[in-house]
Amino acid sequence: MLPPGSVGLVTSDWQEITEPEGPSVSRVYDYLLGGSHHFAADRVAAMEFLARWPDATETMRVNRAFLGRAVRYLAERAGIRQFLDLGSGIPTAGNVHEIAQRAAPDARIAYVDIDPVAVLHSRAILAGNDNAIAIQADLRKPGEILRHPDLQAHLDLSRPTALLLVAVLHFFPDADEPARLVAELRDALASGSYVVISHGTTDGQPRHVAEAMSHYAQTTAPFVPRGHAEILRYFDDLDLIEPGLVRAPLWRPDDPRDAENAAQVAVYGGVGQIQ
Ligand SMILES: C[S@@+](CC[C@H](N)C(=O)[O-])C[C@H]1O[C@@H](n2cnc3c(N)ncnc32)[C@H](O)[C@@H]1O
């Protein structure tokens, strides 16, 4: 029998996983985005977060929209055909493979997440899609990801690739050296590749936003919002694509009205290219 809150998993897969004790980043995020892959502990954490920051879901939605525009830009305008999505999360509307393969049906995607539930759901959604895979791995060990046999069989990293680090680096405290992780991954990619990053911030935010993030960090997982200058360091040695590192809605908006009230959005986004 499937645990409460689970949807869409095949029982044989599910037998590997029992209901986790605490909340997980991917499932709390799924709940906040209106998904259906979460347990009671995730819903409690999400509701505590929303009680402190009622507009949080708007920032999540804006982050997903940034991800979608960046992938579309890379597939349609930059000719990228390989996507390595690290911290990919639980699939929801507008997944990377759907957007990339709409523009280029031969686009190949590798999703990587640490959460086994996210990886199982990804595999269920990707069944029948030979050009997309999901791998369970820890982004804090980039060498293991890069050497993973499934990744090596699926992507040819000697060809231009888009590395997606969207809404994930803020889960790494400074002790994890996120800038070093980004540099190690960047150095493994071919010239002409791209790096897409979004990252939570408290820049210009009211105090309750910082308090909500701090409470989340105490109850769910480490969460380290960073300022513009610090996030910009992740783009060291990359050529930033216009308009640079900006509040996520300001990154090539489809409709100028989407960029209204951008300063109220607690996430920066940017895309850089490897020369
Ligand atoms: C907020 S979600 C972002 C999902 C997706 N990138 C997006 O922006 O919509 C962050 C994801 O990062 C994953 N994550 C956190 N720490 C990780 C790690 N050390 N290695 C791999 N994935 C990790 C979580 O499991 C979660 O699915």
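Residue numbers run from 1 in the order of the sequence given. The figures that follow rest on heavy atoms only: side chains count, while hydrogens, waters and symmetry mates do not. Just so you know, ligand 1 is whichever comes first in the structure, and atom 1 is the first atom listed for that ligand.
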Test of understanding: given a 4.0 Å heavy-atom threshold, classify the contact between [X] and ligand 1 as side chain, backbone, both, or neither.
X: V112; value: neither
X: S198; value: neither
X: A118; value: neither
X: S88; value: backbone

Give yes or no for whether the N/O distance cutoff of 3.5 Å, strictly under, is met between [X] and ligand 1.
X: D138; result: yes
X: V25; result: no
X: V166; result: yes
X: F171; result: no
X: R64; result: yes

Side chains of [X] and [Y], heavy atoms from C-beta outward: is any pair under 4.5 Å?
X: I90; Y: R27; value: yes
X: V71; Y: L164; value: yes
X: F172; Y: L181; value: yes

- request: Answer yes or no: are there more than 12 heavy-atom neighbours, outside R180 itself, under 6.0 Å from its atom CZ?
  value: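 Atom CZ in R180 is crowded, with more than 12 foreign heavy atoms closer than 6.0 Å.
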
Numbered atoms and elements of ligand 1 in range of [X], under 4.0 angstrom, heavy atoms:
X: L139; value: 18 (C), 19 (N), 20 (N), 21 (C)
X: R140; value: 19 (N)
X: V168; value: 12 (O), 14 (N)
X: N63; value: 7 (C), 8 (O), 9 (O)
X: F172; value: 18 (C), 19 (N)

- request: Please answer whether the main-chain N or O of R108 pairs with a side-chain N or O of Q82 as donor and acceptor at a distance below 3.5 Å.
  value: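 Between the backbone of R108 and the side chain of Q82 there is no qualifying donor-acceptor contact (under 3.5 Å).
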
- prompt: Is the backbone of I114 close enough, under 3.5 Å, to the side chain of D138 for a donor and an acceptor to pair up by distance?
  reply: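 No; judged by distance alone, with no hydrogens or angles, the pair does not exist.
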
- prompt: Given G87, A137, P91, which one has a non-hydrogen atom that is nearest to atom 6 (N) of ligand 1?
  reply: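 Looking at heavy atoms only, the winner is G87.
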
- prompt: Considering only heavy atoms, which of V196, L32, D30, I114 lies nearest to atom 17 (C) of ligand 1?
  reply: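 Among V196, L32, D30, I114, the closest heavy atom to atom 17 (C) of ligand 1 comes from I114.
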
message: For D130, give me all partners under side chain to side chain contact (heavy atoms under 4.5 Å, CB included), at least two apart in sequence or on another chain.
response: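 None.
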
query: Which protein heavy atom lies closest to atom 2 (S) of ligand 1, and at what distance to 0.1 Å?
result: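 Closest protein heavy atom to atom 2 (S) of ligand 1: Y29 CD2, 3.7 Å.
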
- request: Return the orientation label for the Y216 and F171 ring planes: parallel under 30°, perpendicular over 60°, tilted otherwise.
  value: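 Because their plane-to-plane angle lies in the 30° to 60° range, the rings of Y216 and F171 count as tilted.
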
message: Is S24 close enough to touch ligand 1? Criterion: a residue heavy atom under 4.0 Å from a ligand atom.
response: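 S24: no contact with ligand 1 (<4.0 Å).
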
field: side-chain contact (heavy atoms from CB on, under 4.5 Å) evaluation trace for W53 with H215
entry: CA-CA 11 Å; W53 181 13; H215 182 266; over 6 Å; no

query: Atom CG of L232 and atom CG of L240: how far apart are they, to the nearest 0.5 Å?
result: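 Those atoms lie 6.0 Å apart.
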
- prompt: Hey, what do you get for CD1 (I135) to CG (L151), rounding to the nearest 0.5 Å?
  reply: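 Those atoms lie 5.0 Å apart.
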
